[in-house]
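First listed ligand is number 1; within each ligand, the first listed atom is number 1.
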Amino acid sequence: MSESVLKSLSGPVVLLGCGKMGSAMLEGWLKLGLPADKAAVLDPNLTAESASALAAKGVLVNPAHAVIAAPSVLLLAVKPQVAPEALPAVAALVKPGTLVVSVMAGRTMAFMGNIFGADAAIVRSIPNTPAAIGRGVSVAVPSPGVTQAQKDITAALLGAIGIVEWVDDEALMDAATAVSGSGPAYAFLLAEVMAQAGAAAGLPADLSARIARATVAGAGALMDQSDLSAATLRQNVTSPGGTTAAALAVLMDEGRGFPPLMVEAVAAATRRGKELAG
Ligand SMILES: NC(=O)C1=CN([C@@H]2O[C@H](COP(=O)(O)OP(=O)(O)OC[C@H]3O[C@@H](n4cnc5c(N)ncnc54)[C@H](O)[C@@H]3O)[C@@H](O)[C@H]2O)C=CC1
Ligand SMILES: O=C(O)[C@@H]1CCC=N1
């Protein structure tokens, strides 16, 4: 279904901003069967190397706007901070029937509606970087003008890089961004601080970094393949009176452990999302 949706688009998919997130998505779309000549990238800062690699695949690189008139999709993957100048510059590309999909943190439907028109079909979404290996998580909310066919197109584009969760309430997006959008950083930080703690406990630093990284990756893979809850998987590691219980007494401390710390961290990210709304 996703494959046929991407193959049968009437106009191009125009990607505004081909950085970490945009390039991961583009790769996923091409893999899933979006014809390369139906993909166009607008990014003034592409290196000559990445521009020629994209062109070699058949992707349109910084084409004149006349070449990409009436796109099926305009996907916004620039930083929220550059949106006030970058989005108006492409507003004329949005025609009746063009779906605008944003992956920008913070930027609201109202902000985009001011630029593309109050009736524009807009999906506000937030993916995450495991998209680069097809294991992304995206949360998405449609504007009232989005048709079922456009929801299917969005599901195909975001589904090409992982799983998609739809929500009806845009107010949930900043908290979703704080959990799944930013969340991979929390898991990577866990590997970093475990490595540092192992070194502090006497392990050679390189050995500690290797086993910490592999442990976080292995735990994620186990959670992925298991039907058990995260809590049960944790309990399965924890022998009564054993080493894990000693560590978890610190990490799960209700005053200074992970639970209150993560509530504080997610609240900070959620607040920052609201600030970026502009
Ligand atoms: N990196 C992440 O983990 C996630 C990022 N996002 C969102 O994705 C968006 C992009 O983030 P990244 O890919 O991390 O940033 P990035 O800095 O890697 O990519 C941004 C791209 O936009 C390009 N750009 C700058 N000005 C432009 C303009 N006027 N027109 C066209 N392109 C322009 C830059 O050259 C760059 O390639 C942001 O809005 C961010 O909130 C969303 C979820 C996760
Ligand atoms: O840090 C950020 O603002 C972006 C959005 C979610 C992940 N990276």
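Nearest to atom 27 (C) of ligand 1 by heavy-atom distance, out of Pro44, Ala83, Ala131, Gly17, is Pro44.
Near Cys18, meaning under 4.0 Å from one of its heavy atoms, ligand 1 places the atoms 37 (O). Residue Ala105 approaches ligand 1 through these ligand atoms, each under 4.0 Å from one of its heavy atoms: 39 (O), 41 (O). Taking every non-hydrogen atom of Ala105 and a distance limit under 4.0 Å, the qualifying atoms of ligand 2 come out as 5 (C).
Protein heavy atom nearest atom 9 (C) of ligand 1, with residue, atom name and distance: Val78 O, 3.5 Å. Atom 19 (O) of ligand 1 has its closest protein heavy atom at Gly19 CA, 3.2 Å. Protein heavy atom in closest approach to atom 18 (O) of ligand 1: Lys20 N, 2.9 Å. Counting only heavy atoms of the protein, atom 23 (C) of ligand 1 lies nearest to Asp43 OD2, 3.2 Å. The nearest protein atom to atom 17 (O) of ligand 1, hydrogens excluded, is given as Lys79 CE, 3.4 Å; this is a heavy-atom distance.
For the pair Asn45 and ligand 1, the shortest N or O to N or O distance falls below 3.5 Å. In terms of polar-atom proximity, defined here as any N/O pair under 3.5 Å, Met21 does make such a contact with ligand 1.
Counting heavy atoms from C-beta on, the side chains of Val94 and Ile115 never come closer than 4.5 Å.
Evaluated for a side-chain contact (heavy atoms from CB on, under 4.5 Å) with Met109, the options Ser143, Pro142, Pro144 yield exactly one hit, Ser143.
Put simply, atom 2 (C) of ligand 2 has no protein non-hydrogen atoms near it, under 4.0 Å away.
Here the closest non-hydrogen pair linking Ser180 and Asn128 is O-ND2, 2.9 Å.
Salt-bridge check for Asp174 with Arg124: passed, with a basic side-chain N closer than 4.0 Å to an acidic carboxylate O.
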